[in-house]
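The figures that follow rest on heavy atoms only: side chains count, while hydrogens, waters and symmetry mates do not.
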Amino acid sequence: MLKLTDYAAHAAQIAELAATTARGFFRGQLAIEFKEDESPVTHADKQVEETVRAYLKQHFPDHGIFGEEHGIEGADCANMWVIDPIDGTRSFLSGHPLFGFLLAYLVDGVPQIGVIGMPALDEVFIGVKGQGATLQGQPITVSKTTQLKQAVLFVNEGEKIYRDHPQLFDQLTKSGQTLRFAYDCYPHALLAAGHVDAVVDYDLQPYDYLAVSAVVEAAGGIATDWNGCALTLQSAGRVISAATPELHRELLSLLTGQPSDD
């Protein structure tokens, strides 16, 4: 019977395959299509996912697979792999290097392993439940920051938050010692490595947040939805990542309008 470390070794190999495939398309001529929600998809997205699916079907034929581009196979399987072949397609197609590759391994719906691959940066973050997180095989941990006023705060999908929750957006712009606006998975990876203290994210899909939550939590941080609930396949896609419980509670209070317990 395989151990989590064995699955993590496979996940690392998959991340390298995905990175090699993505780099073969990056800053080249891309055929771009648009989905019904106007989000773009390229041949690179499809090819990366097909490469990953082929590996998983070869090595884990009895596992389920849920990918952004090709949907779910084996939805009833206890073991499930969740794939975002190119997290940040808009970055990818515009030549911006902060696109990622995301892979999560779930058992009975609970993330056990998360991978954040950054193909253009040649970085791979891996988190294993209960066993810590690594960057390029070296251990990483979150920061010890406990107060929002001292925190490096990243706000992802800021224009969507402004559109749907303008008052909350205004509060976020006044929060943190250092505030940055961003997109996609890399801010969460930086949080796991201790460079960023908190990330507020919005309008995500399971393939966007399950892998990053596994990496953040393996590194000692906390990742939940905006109500403080654990992230699952059924979550609404509003995410808080924080380095410490104190910082998480403060952000949760800001997002819900409820006073903190502190």
Chemist: For the residue pair Phe26 and Phe92, does the interplanar ring angle fall in the parallel (under 30°), tilted (30 to 60°) or perpendicular (over 60°) class?
Modeler: tilted
Chemist: Could you go step by step and tell me if His59 and His10 meet the side chain to side chain contact (heavy atoms under 4.5 Å, CB included) rule?
Modeler: CA-CA 9 Å; His59 293 275; His10 280 284; 3.7 Å; yes
Chemist: List for me each residue that meets side-chain hydrogen bond (donor to acceptor under 3.5 Å, both in side chains) alongside Lys174, sequence neighbours excluded, and say none if there are none.
Modeler: Asp170
Chemist: Under the side chain to side chain contact (heavy atoms under 4.5 Å, CB included) rule, what do Thr173 and Leu179 come out as? Steps first, then yes or no, please.
Modeler: CA-CA 7 Å; Thr173 62; Leu179 175 67; 4.3 Å; yes
Chemist: I want to check something: taking the side chain as every heavy atom from C-beta on, are Leu255 and Leu168 in contact at a cut-off of under 4.5 Å?
Modeler: yes
Chemist: Between Asp184 and Gly88, what is the shortest heavy-atom contact and its length?
Modeler: OD2-CA, 3.3 Å
Chemist: Using every non-hydrogen atom in the two residues, find where Ala18 and Val52 come nearest and quote the distance to one decimal.
Modeler: CB-CG2, 4.3 Å
Chemist: Over all heavy atoms of both residues, which pair between Lys46 and His70 is shortest? Give the atoms and the distance, please.
Modeler: O-NE2, 3.9 Å
Chemist: Could you tell me the separation between the CG atom of Leu103 and the OH atom of Tyr55, rounded to the nearest 0.5 Å?
Modeler: 10.5 Å
Chemist: The criterion is ring-ring contact (aromatic ring centres under 6.0 Å, His included); which residues satisfy it with His195, sequence neighbours excluded?
Modeler: none
Chemist: Could you tell me which residues satisfy side-chain hydrogen bond (donor to acceptor under 3.5 Å, both in side chains) with Thr20, sequence neighbours excluded, listed by chain and number?
Modeler: Glu16
Chemist: Under 4.5 Å between side-chain heavy atoms, hopping through other hydrophobics if needed: is there a path connecting Val200 to Leu191?
Modeler: no
Chemist: Mind checking side-chain hydrogen bond (donor to acceptor under 3.5 Å, both in side chains) for Asp197 and listing every partner two or more places apart, or none if nothing turns up?
Modeler: Ser143, Thr145
Chemist: Identify all side-chain donor-acceptor contacts of residues 104-133 below 3.5 Å with residues at least two apart in sequence or on another chain.
Modeler:
from	atom 1	to	atom 2	distance (Å)
Tyr105	OH	Asn79	OD1	2.7
Gln112	NE2	Val110	O	3.2
Glu123	OE1	Tyr186	OH	2.9

Chemist: Tell me the ring pair (Phe, Tyr, Trp, His ring centres under 6.0 Å) pairs involving residues 229-257, sequence neighbours left out?
Modeler: none
Chemist: Same cluster or not: Phe181 versus Leu204, using hydrophobic residues (I, L, V, M, F, W, Y) connected whenever any side-chain heavy atoms lie under 4.5 Å apart?
Modeler: no
Chemist: For residues 229-241, tabulate all N or O donor-acceptor pairs below 3.5 Å that involve a side-chain atom, not counting sequence neighbours.
Modeler:
from	atom 1	to	atom 2	distance (Å)
Thr232	OG1	Gln234	N	3.0
Ser235	OG	Thr232	N	2.8
Ser235	OG	Thr232	O	3.3
Ser241	OG	His188	ND1	2.9

Chemist: Side-chain atoms of residues 94-101: list all donor-acceptor pairs with protein atoms under 3.5 Å, sequence neighbours left out, distances to 0.1 Å.
Modeler:
from	atom 1	to	atom 2	distance (Å)
Ser94	OG	Arg90	O	2.8
Ser94	OG	Ser91	O	3.0

Chemist: Between Ala243 and Val142, which heavy-atom pair has the shortest distance, and what is it?
Modeler: O-CG2, 3.3 Å
Chemist: Would a hydrophobic clustering, with Ile, Leu, Val, Met, Phe, Trp and Tyr connected at side-chain separations under 4.5 Å, put Leu190 with Leu247?
Modeler: no
Chemist: Return a table of donor-acceptor pairs under 3.5 angstrom between the side chains of residues 211-223 and protein atoms on other chains or two or more places apart.
Modeler:
from	atom 1	to	atom 2	distance (Å)
Ser213	OG	Tyr209	O	3.2
Ser213	OG	Leu210	O	2.8
Glu217	OE2	Ala223	N	3.4

Chemist: Holding to ring-ring contact (aromatic ring centres under 6.0 Å, His included), I want the full list of residues that pass it with Tyr183, two or more places apart in sequence or in another chain.
Modeler: none
Chemist: Should the heavy atoms of other residues, nucleotides or ligands under 6.0 Å from CG of Asp62 be counted, would the total exceed 12?
Modeler: yes
Chemist: Give a yes or no on whether Gln136 atom CD has more than 12 heavy-atom contacts from other residues, nucleotides or ligands under 6.0 Å away.
Modeler: yes
Chemist: What pairs with Asp164 under side-chain hydrogen bond (donor to acceptor under 3.5 Å, both in side chains), at least two apart in sequence or on another chain?
Modeler: Tyr202
Chemist: For the pair Glu250 (side chain) and Leu148 (backbone), establish whether a donor and an acceptor sit closer than 3.5 Å, ignoring hydrogens and angles.
Modeler: yes
Chemist: Is there a side-chain contact between Tyr7 and Thr5 in this structure, where contact means two heavy atoms from C-beta onward sitting under 4.5 Å apart?
Modeler: no
Chemist: Taking all non-hydrogen atoms of both residues into account, name the closest pair between Thr21 and Phe25 and its distance.
Modeler: O-CD1, 3.2 Å
Chemist: Tell me whether Arg53 is salt-bridged to Glu49, with the criterion being a basic N under 4.0 Å from an acidic carboxylate O.
Modeler: yes
Chemist: Centres of the Phe60 and Trp81 rings: under 6.0 Å?
Modeler: yes
Chemist: Check whether any side-chain heavy atom of Val199 sits under 4.5 Å from a side-chain heavy atom of Asn156, and report yes or no.
Modeler: yes
Chemist: Excluding sequence neighbours, so at least two apart, what forms ring-ring contact (aromatic ring centres under 6.0 Å, His included) with Tyr162?
Modeler: Phe169
Chemist: Looking at Arg249, is its backbone amide N or carbonyl O close enough to the side chain of Ser253 to form a donor-acceptor pair, meaning the two atoms are under 3.5 Å apart?
Modeler: no
Chemist: So does Asp201 get a backbone contact from the side chain of Trp226, meaning a donor-acceptor N/O pair under 3.5 Å?
Modeler: yes
Chemist: Starting from the C-alpha separation in whole Å, work towards a yes-or-no answer on side chain to side chain contact (heavy atoms under 4.5 Å, CB included) for His165 and Lys160.
Modeler: CA-CA 8 Å; His165 307 281; Lys160 293 181 181 179; over 6 Å; no
